[in-house]
Amino acid sequence: MEANELLLATPEAREACGVFGIWGPGEDVSRLTYFGLFALQHRGQESAGIAVSDGKQIDLFREMGLVSQIFDEDTLTRLKGDLAIGHTRYSTTGTTTLANAQPMVAEWKGGKIALAHNGNLVNARALRDELEAAGEKFEASSDSEVMLRMIARGANRLGSVEDAVAACMPQWAGAYSVTILTENCVMAVRDPYGVRPLCLGRLNGKAHVFASESCALNVIGADLVREVEPGEVVVADGDGIRSRLVQRSPRQALCVFEYIYMARPDSQIGGHLVHEARRRLGCQLAKEHPVEADVVIPVPDTGWPAAIGFAEESGLPFGEGLIKNRYIPRTFIQPDQRLRELGVRVKLNPLREALQGRRVVMVDDSIVRGTTKSRIVHLIREAGAKDVHVRISAPPYRWPCYYGVDTSNRSELIGARCSVEEIRQAIGADSLGYQSVQGLLQGLNIPRRKLCLACFTGRYPIAIPKDVKLSKLDLEEGTWREGRGEAETEAPAPSPTETQE
Ligand code: SF4
């Protein structure tokens with residue numbers, strides 16, 4: 001979905017956050033955390049932070065901006081200690097302010113607790129109301145602070161942060177992959193559905209490392225040991241590593257978008273290398289939607305592996321047709337109207353020689369609002385392509401996400417409003433083929449019961465409170481039946497077919 005950022009100011013669907021943690025006496029934990037966060041930068045670019053403990057006290061540094069802009073030699077040298085956690089943030093709840101940057105720190109009677117969270121609690125509002133009624137004061141507006149304050153209160157009552165976390169987990173509904181730091185331990189906590197990834201690694205035979213994705217282990221030379229299991233709390237301290245399975249769930253619900261778009265292709269999730277999973281999706285897509293053409297091109301960067309797979313399966317040549325400028329920061333000056341009309345060229349420029357007079361298959365991972373895709377199709381046509389056939393490695397995106405991916409309201413999702421033929425017309429393609437849900441599962445080779453597919457099916461594995469649900473639905477459509485409290489319910493699909501040629 002890289003191309004969705006082409007409008008610069010209004011990316012269509014955005015990542016949530018990246019978390020990291022390390023227990024490593026004798027290691028330069030602040031620098032290792034810095035490099036871990038650098039590898040997780042794709043999961044959030046609004047703010048970042050590192051909290052370090054030397055066994056006696058916790059120091060915190062967090063700022064708005066990219067990891068490379070926030071930390072310098074001086075900052076990292078000042079953050080001395082043996083254990084640390086870190087965070088890169090993109091807001092899905094709470095505003096974009098320094099107060100909401102993470103890690104966040106709270107005090108309890110035994111010291112301090114720092115917390116870094118990836119995901120989204122669907123019952124955060126109700127929990128916050130309860131805490132406020134009990135006299136709790138909040139400094140920020142995110143669900144992560146609700147979690148932190150609940151842990152601190154629980155620790156005061158139970159005398160242990162670890163026990164407090166275990167006591168809080170049954171009260172948290174939604175997605176959470178969390179790293180927690182106290183003066184003398186690092187914890188990793190994952191919700192019982194395992195919506196967001198979280199893994200455990202080992203560095204130099206003795207340091208224990210936690211990260212949202214295994215690419216952050218690779219970058220510091222750590223080996224992937226295993227995933228933190230859904231519902232599990234893993235604690236690393238002076239006694240080694242111990243695990244507690246706090247909650248079991250009847251099913252898992254790993255976000256399928258981690259495979260399609262969010263995770264880095266060099267990460268391994270659920271035993272699958274993400275790049276390979278995307279390549280297989282491209283193969284499956286070519287089986288479902290073959291087309292006569294001269295060349296297969298990816299929309300860079302996330303469309304690459306699926307385009308490779310499509311080319312392999314179809315026997316069509318693979319080529320590069322769009323060159324991406326990789327150096328556009330989030331604070332990029334907004335294009336004026338004239339530049340906007342030049343379209344996406346600021347970020348993508350077509351390779352005219354590769355496209356002219358050719359029938360092009362353009363492969364990407366998703367269409368959210370459709371505006372960006374129509375500009376890219378236009379760009380390819382302008383460069384002289386004879387036909388532009390669009391192939392999407394995911395099914396139509398029809399339902400909003402409540403579990404930590406910042407997507408549009410339902411009324412803004414083109415897949416919710418339009419049939420595939422209407423979308424084809426809107427983006428100006430000669431043909432449009434989406435992967436079916438069945439094809440997605442087949443391509444990934446992962447059972448349906450292990451994945452969240454809610455943005456394609458409307459079946460939400462974790463029940464969404466009514467007030468939260470209504471905030472993202474288009475009530476005029478009348479497709480949402482009210483009053484359902486069950487955990488997983490299917491909503492009607494607006495379009496009977498996944499393909500339009
Ligand atoms: S609704 Fe979609 S984006 Fe959100 S967790 Fe489920 S699969 Fe992922």
Side-chain angles (χ1 to χ4, degrees), residues 1-2 4 11-18 42-44 90-93 117-124 143 172-177 190-198 212-213 230 249 251-263 267 269-270 272 274 277-278 281 302 365-369 392-410 412-416 434-441 443-444 446-465 468-469 471-473 479-480 487-491 493:
M1 209 181 298
E2 199 70 37
N4 294 326
E12 292 186 294
R14 300 169 283 204
E15 302 87 341
C17 296
H42 61 289
R43 298 186 73 88
Y90 193 92
S91 55
T92 52
T93 72
H117 170 213
N118 172 208
N120 193 34
L121 292 193
V122 295
N123 63 340
D143 55 344
W172 295 334
Y176 54 90
S177 281
R190 196 169 175 205
D191 70 73
Y193 290 84
V195 178
R196 300 278 149 230
L198 189 60
S212 291
E213 292 180 37
S249 149
R251 58 159 295 173
Q252 292 179 17
L254 175 68
C255 169
V256 74
F257 250 93
E258 295 283 350
Y259 289 114
I260 294 167
Y261 158 69
M262 270 187 296
S267 286
I269 298 179
H272 300 264
V274 172
R278 288 179 190 161
L281 289 180
T302 47
D365 49 59
S366 54
I367 303 177
V368 181
R369 292 199 189 96
I392 303 295
S393 62
Y397 199 129
R398 291 175 173 146
W399 296 92
C401 178
Y402 300 92
Y403 308 139
V405 176
D406 183 21
T407 53
S408 315
N409 288 345
R410 181 141 201 255
E412 294 166 343
L413 300 174
I414 195 168
Y434 281 97
Q435 187 99 257
S436 66
V437 171
Q438 198 48 40
L440 178 74
L441 295 169
L444 291 175
I446 301 174
R448 183 186 278 259
R449 67 179 185 283
K450 292 200 163 186
L451 294 169
C452 175
L453 301 163
C455 45
F456 308 130
T457 62
R459 294 169 69 97
Y460 291 92
I462 306 167
I464 314 296
V468 179
K469 211 162 55 186
S471 69
K472 279 198 170 183
L473 293 174
T479 50
W480 189 264
E488 199 158 0
T489 42
E490 183 121 40

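Note that ligands are numbered from 1 as they come in the structure, with each ligand's atoms numbered from 1 the same way. The figures here come from the full heavy-atom set of this structure, side chains too, leaving out hydrogens, waters and symmetry mates. Sequential numbering from 1 along the given sequence is applied to the chain's residues.
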side-chain contact (heavy atoms from CB on, under 4.5 Å) between Tyr434 and Ile367: does it pass, once the steps are laid out?
-> CA-CA 9 Å; Tyr434 281 97; Ile367 303 177; 3.5 Å; yes
Where's the contact between Arg196 and ligand 1, heavy-atom distance under 4.0 Å: side chain, backbone, both or neither?
->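 Arg196 to ligand 1: side-chain contact only, backbone stays beyond 4.0 Å.
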Numbering the atoms of ligand 1 from 1, which are under 4.0 Å from a heavy atom of [X]?
| X | answer |
| --- | --- |
| Cys255 | 3 (S), 5 (S), 7 (S), 8 (Fe) |
| Ala454 | 1 (S) |
| Val256 | 7 (S) |

Considering non-hydrogen atoms only, spot the tightest contact between Asn123 and Ala173 and give its length.
->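 Looking at all heavy atoms of both residues, the shortest contact is OD1-N, 3.1 Å.
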Plane angle bin for Phe257 and Tyr397 - parallel if under 30°, tilted between 30 and 60°, otherwise perpendicular |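 Tyr397 vs Phe257 ring planes: tilted.
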Measure from atom 4 (Fe) of ligand 1 to each N, O or S atom of Cys401 and report whether any distance is below 2.8 Å.
->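 Yes, within the cut-off.
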Could you give me the CA-CA distance, side-chain angles and deciding distance for Leu440 and Leu451, then say whether side-chain contact (heavy atoms from CB on, under 4.5 Å) is met?
-> CA-CA 11 Å; Leu440 178 74; Leu451 294 169; over 6 Å; no
With Arg196, which residues qualify under side-chain hydrogen bond (donor to acceptor under 3.5 Å, both in side chains), at least two apart?
->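 By the side-chain hydrogen bond (donor to acceptor under 3.5 Å, both in side chains) rule, Arg196 matches Glu258.
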